[in-house]
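Letters A, B, ... are given to chains in the order of the sequence lines, protein chains preceding strands, and every chain is numbered from 1.
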Amino acid sequence: MDYNFREIERKWQSYWKDNSTYKVDIDKSKPKCYVLDMFPYPSGAGLHVGHPLGYIASDIYSRYKRLCGFNVLHPMGYDSYGLPAEQYAIQTGQHPAVTTTKNINRYREQLDKIGFCYDWSREVRTCDPTYYKWTQWAFVQMFNSYYDNDCDKAKPISELIAKFAKEGSASVHAACSEELNFSAAEWAAMDEKKQQSVLMNYRIAYLADTKVNFCPKLGCVLANDEISEGLSIRGGYPVEQRVMRQWSLRVSAYAQRLLDGLDRLDWTDSLKETQRNWIGRSEGTEMRFKIKDKDIDFEIFTTRADTIFGVTFMVLAPESAYVDMVTTPEQRAAVDEYLAAVKRRTERERLADRRVTGVFSGAYAINPLTGKEIPVWISDYVLSGYGTGAIMAVPAHDSRDYAFAKHFNLPIIPVIEGCDVSEQSFDAKDGIMTNSGFLNGMTVKEAIAATKVYVKEHNLGRVKVNYRLRDAIFSRQRYWGEPFPVYYKDGIPHVLDEKSLPLELPEIENFLPTASGEPPLGHAKNWCTKEGYPFELNTMPGFAGSSAYFLRYMDPHNDNALVSREANDYWQNVDLYLGGTEHATGHLIYSRFWNKFLYDLGLICQDEPFKKLINQGMIQGRSNFVYRIKDTNTFVSLNLKDQYEVTPIHVDVNIVSNDVLDIEAFKNWMPDFKNAEFILEDGKYICGWAVEKMSKSMFNVVNPDVIVEKYGADTLRLYEMFLGPLEASKPWDTNGIDGVHRFLKKFWAMFYDKDQLNVSDAPLTAEELKSVHKLIKKVTADVESFSFNTSVAAFMICLNELSALKCNKKAALETLCILLAPFAPHISEELYHELGHNTTICDAQWPKYDEQYLKESNCKYAISFNGKVKNTMELPIDMSKEDVEKTVVSSETVTKILAGKPIKKVIVVPGKIVNIVF
RNA sequence: GCCGCAGUGGUGGAAUGGUAGACACGAAGGACUUAAAAUCCUUUGAACAGAAAUGUUCGUGCGGGUUCAAGUCCCGCCUGCGGUACCA
């Protein structure tokens, strides 16, 4: 019987399903291992061949760990709330609930064909009320918490209220939007509304007027990580700045912990670096500048306190509150005009057009160190959201200040010895200070430290750490998301109590977003509490549901808690997390924040959610082209195309095989090509190719179902791994798949003859044992280090060796089955079963290799002369270094090659090389 | 600009400082076959020499260096990819 992968795969997939083979429960007798894939958005396009890459890798690891005796949690679910799902629904004119269910079913169907070992009984969907109850619950916890900077953790807001009542704000060091100062008496005097608005300043989930990125086309605000270069990542629509009353999460309170936590994680350096950049810690000095003749001082932030003697002007961000305070009557008109012009510009225009603009405020500030008067300008190159929204400008040593100074003809004073600032600024942080009073002669580093001390001693400011990381804007003016468990009473937001959760998303007819930003939930009927208090109309963003799903998998059906203490104590956190790099600054920041918050509340036992993280590469498309001769319906093969004037046309890669076009299929592909004619080479039409993004419009989408149908899931799995290193991006190229398929056919044919297994009970010979143990060693090491491509190659080598030895022995097959099971579970399961086992291969044990079989009796030395290898020689393995040297040097070949030349040195590396230097 | 990663045959890609190109694809030749498919075998980095076995030289983006020995380590470039950016 030939290798009938269709029947084998169908058989085992239904067996695993019927017997719940991969269902896991807490089992304290075994060590746990939690292997997780980033769960997918069920998009309308279904899975293409790139999606399963990471899933296959994690599946291999899960199966391997299971065979090693671990109790492996390997779940899967769907991130089904949020923009992508809703956009798809809008585009197809259907209700998102309908399309989401449909898409999920399609995903599941495709996933099932690949033979994953997911425990589907633990599936979660973020749009399911039993799931989002816990998303809402977490929000309530955040609303009821504040961040205490003294203990560096989140605490109940009730403790803060008690402190306010006792001693006012004096002893409170909490993360907040704005520093407030009030006494216990003042607190007591505040009415309910005032107190609530003060508390809002401290809550971890808070409501505030915030400058947001609003995308009119999506009808919705977006978080910073959802935007790139002024355009929305989803859809690529323009984004503008607006001030809106929005819910936010105080992620910034966790900036330092998010940064510190990275050191303890087994993630790639590049990903950690991306997060470090995103968090953007910068240590500097906050300094107070007085305005001349006015009782105003304002603070600036700088990392280059050393350059204070080079300050020649100040710049305020246009949105800064100081603008209004410092502007002189004479300059009022000019300033107003400038502010209006800035406001008109969209974020995108501002980014695209970086011309220097600005206006003089009329005011002068006093340099606190030199006492000199310096003009105060207003310009949009200073950002209101970073630092204090005001800077001291040192044109000699900052390229932006330099451009501004040149444009407006402001003085430039260099303060570092020997630098030339006639053409450009000198930004480097090294050199010796000059023109700088008491700093003269110091290095930049010393000067920064000295200035900090000076500023502190003279009470001119303080040392300050700034972070680029902003609070996460948490409201979306969209329908398809978690409703906030919030109602308004006299305009004051209140959260629902736990018993009333979940607050279910109401059915509405018109769920379309609006360009003005009115939330669609405004259309919902009776969207209020029993008492008639209106509910919040915004919904939560996409990352809400994905921020704690890894915890829910531990205990997915628990009605009383997000995760029980018992389940969390056992499963702890994710041992291996697999997904794309695109989540580096979004999901992977938010979920770490969310997890740390729950940890602070003592609800979970680990403060980092993902111990090890691997980013699988993207699979790009490999497009094929045909070449149409201009103004004809004739197509010319690739290598002849230069003789004609041709237009390349994308052709569906599914009708091309090894770059050879299926001409009949092409004629039937589109009506236009029905009567196409061809100029062939060697009787074939060869197509051109290029690597592009995998997309429908390039006709280069390859669907995993098609591969499974043609070659089987085992071949697909092996091939995706064989394609190259897991972390590398690579084009999908079907050209090599035959080789992997051939391997499985050979494997089958070697042990299966006619209608039955043809294996002997004979023990393995030394050579066979060596081959098998070499494989065990290699595959074990490779799987541990995620080098799946080289382990596939190792299987092929071993099979070739055994085949050359005509080894169709039971002992060899059994070991091969177990080793191959993680990679190609169906064929392994079938052959394992045929060997007489009546349990699944999951009950087998990963084999251990034995060094004694790998030992060689002889050892091959490479003999090199001056580093160049000229010969090899086999010598007994137990020979001493000295004896090897003697034997080699006295050997005939060496004597011949040396021909009497004197030997300077002989280097012997045991088992490897003998180098003779002459 | 800054940060990170990479550059090896016709192709995808292997190589704890120790015989570069494993394994696979493709290609060429051969076997089986009426033929094709499938399968199997041989060759396959380049150049030169040789009837042949084989030998010689050159070869991991470029230029230097360390070393008996460098794809691998160090310094200086070039190119490509990814991230990020008026962040003071």
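Here, B:A27 and B:G76 have their C1' atoms 41 Å apart, quoted to the whole Å. Comparing the C1' positions of B:G55 and B:U67 gives an interatomic distance of 29 Å, to the nearest angstrom.
Figure legend. B:G9 is base-paired to no nucleotide; pairs are counted as Watson-Crick or G-U wobble with both atom distances under 3.5 Å. Summarising the base pairing, B:A27 is matched to B:U43 through a Watson-Crick or G-U wobble pair whose two defining distances lie under 3.5 Å. For B:G82, the paired nucleotide is B:C3, the pair qualifying as Watson-Crick or G-U wobble because both relevant distances are below 3.5 Å.
A:Arg304 pairs with exactly one of A:Thr307, A:Thr302, A:Asp306 by the side-chain hydrogen bond (donor to acceptor under 3.5 Å, both in side chains) rule, that one being A:Asp306.
Nucleotide B:G9 is shown with a syn base, its glycosidic torsion being within 90° of 0.
One cannot find a donor-acceptor pair under 3.5 Å joining the base of B:C25 and the side-chain atoms of A:Asn735. The base of B:U19 lies close enough to the side chain of A:Lys860 for a donor and an acceptor atom to sit less than 3.5 Å apart.
Relative ring orientation between A:Trp377 and A:Phe408 is described as tilted, the plane-to-plane angle lying within the 30° to 60° band.
Checking A:Tyr402 against A:Asp427 by side-chain atom types alone, no donor-acceptor pair falls below 3.5 Å. Remark: the A:Tyr467 side chain and the A:Gln256 side chain contain an N/O donor-acceptor pair separated by less than 3.5 Å.
The side chain of A:Asn789 places an N or O atom within less than 4.0 Å of a non-bridging phosphate oxygen (OP1 or OP2) of B:A14.
At whole-Å resolution of the value, CD in A:Glu720 and P in B:C25 are 18 Å apart.
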